[in-house]
2 protein chains.
Amino acid sequence: MAQTAREAAIPALAEVFREHGYEGASLALLGARAGLGKGSLYHAFPGGKAEMAQAVLDAIETWFETRIYAPLRDEPDPRAAIRRMLSETETYFRSGGRACLVGAFALTEGRDRFAERIARYFAAWCEALARALRRDGWAEAEAADLAEEAVSAIQGGLVLARALGDPAAFGRMLARLRARLIPGEAAEPGG
Amino acid sequence: MAQTAREAAIPALAEVFREHGYEGASLALLGARAGLGKGSLYHAFPGGKAEMAQAVLDAIETWFETRIYAPLRDEPDPRAAIRRMLSETETYFRSGGRACLVGAFALTEGRDRFAERIARYFAAWCEALARALRRDGWAEAEAADLAEEAVSAIQGGLVLARALGDPAAFGRMLARLRARLIPGEAAEPGG
DNA sequence: CACACCTTGTACCGATCGGTACAAGCGGCA
DNA sequence: TGCCGCTTGTACCGATCGGTACAAGGTGTG
């Protein structure tokens, strides 16, 4: 089944884009990591590299929508949703060992190519988190401001963790964020 | 004078690396932006693209050391130094319209090539800011934590501003940062 | 004016880029 | 067994990659 082969390849493709950026991800790398020859790659993704990137962005968008944004919007207990966001984020980014593909695309020229998707990814995150904060009792303006700060902080934490070669920097950032998003709850004495 | 031609080219080269990343910056782009043919480029930078990137990183390191890190460490009034850091940062990153080259390198494979320089850039910033905070009355641990948070936040603000196509997001982040680094000072009613 | 030297444009190198064409190989099905 | 169609490896395309070689052009000095 083509659908299966395609979807099976996406995580591998995502890692290559994540580590090398859009331009740096060559078909040779993509094929090797996915375990597919050029023929199979182009059979699964007739649109070539651009379609691979689109598919990867689709998958990421879906993952975040399902696991993070939707709970933030709909979970009856907003604090639980925020806690979940923090722990899912920590897992997803492998505690700082993994970069954010969307963030990496945003910084380099990949931005022009995928500007809409990139903007949507971050805007959706901000809006979903702001809604959760609103439901948790924050005023409209404070909720929006705090949400933007949180999403921005996560990106900054990833940059810094990678730059310093110190994934723990990401964990420290998440701990600070927890204290700010859910004040009054005792933070775990960090690992 | 070779020295002058070399140094005159560096800002142009920096912009290309900034917008395209290390791999995405081709010699054609670099030469065109710098207004130099291939011959001149290799005359000024015999080591090729790698030496150009090194020279650009050198220049950035020097700029930040002079304009930001040194004042943070030595300026008698630490609050003035912090205020200066914020305004210099805002200017340097063109109020969010300009990405951070070092951050962009950190996210993609450029990291492996320049890992040491990248780590030093961020570590020096964190340490200098922590020292200023310490001199402003913060306890050792809080100063270090707050400094890391600030440097991380600046990177996050740049990513978000570029991702959303909304440079103002960077300004909002700087305003939040000012309130946290220099509590009690009235913030400008944002522009 | 002539010489020497620094600078630069240009042609060229092998490698690799993203992408295409296509034929051999392989499965299911009768 | 023979057939058919999906899948895939491989050869190949023009373009561009980073880098080198070198000769023409410009400049300062005598």
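This is a predicted model, so every value here is computed, not measured. Here is how names work: the chains are called A, B, and so on, in the same order as the sequence lines, proteins then strands, and each is numbered from 1.
- Salt-bridge annotation for Arg120(A) and Glu127(A): absent, with no side-chain N of the basic residue lying under 4.0 Å from a carboxylate O of the acidic one.
- Counting only distance, with no hydrogens or angles, the side chain of Arg33(A) and the backbone of Ala12(A) share no donor-acceptor pair below 3.5 Å.
- The only member of Thr89(B), Leu164(B), Val159(B) that meets side-chain contact (heavy atoms from CB on, under 4.5 Å) when paired with Phe170(B) is Thr89(B).
- Closest approach to the Lys49(B) side chain among dG18(D), dA11(D), dT7(D) is made by dG18(D) (side chain taken as heavy atoms from C-beta onward).
- Note: CD (Glu23(A)) to P (dC17(D)) measures 9 Å, nearest angstrom.
- Rounded to whole angstrom, the span from the CG atom of Leu41(B) across to the C1' atom of dT20(D) amounts to 14 Å.
- Checking the phosphate oxygens (OP1, OP2) of dT7(C), a side-chain nitrogen or oxygen of His43(B) falls inside 4.0 Å.
- The side chain of Tyr42(B) has dG18(D) as its nearest neighbour among dG18(C), dC17(D), dG18(D).
- Rounding to whole angstrom units, CG of residue Leu27(A) and P of dA15(D) are separated by 18 Å.
- For dG19(D), the base has a donor-acceptor partner in the side chain of Lys38(B) [N/O atoms by modelled type, under 3.5 angstrom].
- Within the structure, a side-chain polar atom (N or O) of Ser40(A) is placed less than 4.0 Å from OP1 or OP2 of dG9(D).
- Taking 4.0 Å as the cut-off between side-chain N and carboxylate O, Glu148(B) and Arg172(A) count as a salt-bridged pair.
- Nucleic acid contact for Ala50(A): none, since no nucleic acid atom lies under 4.0 Å from a heavy atom of the residue.
- Taking atom CZ on Phe45(B) and atom C1' on dT7(C), their separation rounds to 15 Å, with Å as the unit.
- Residue order along DNA chain C, read from the 5' end via each residue's closest nucleotide, puts Leu36(B) first among Leu29(A) and Leu36(B).
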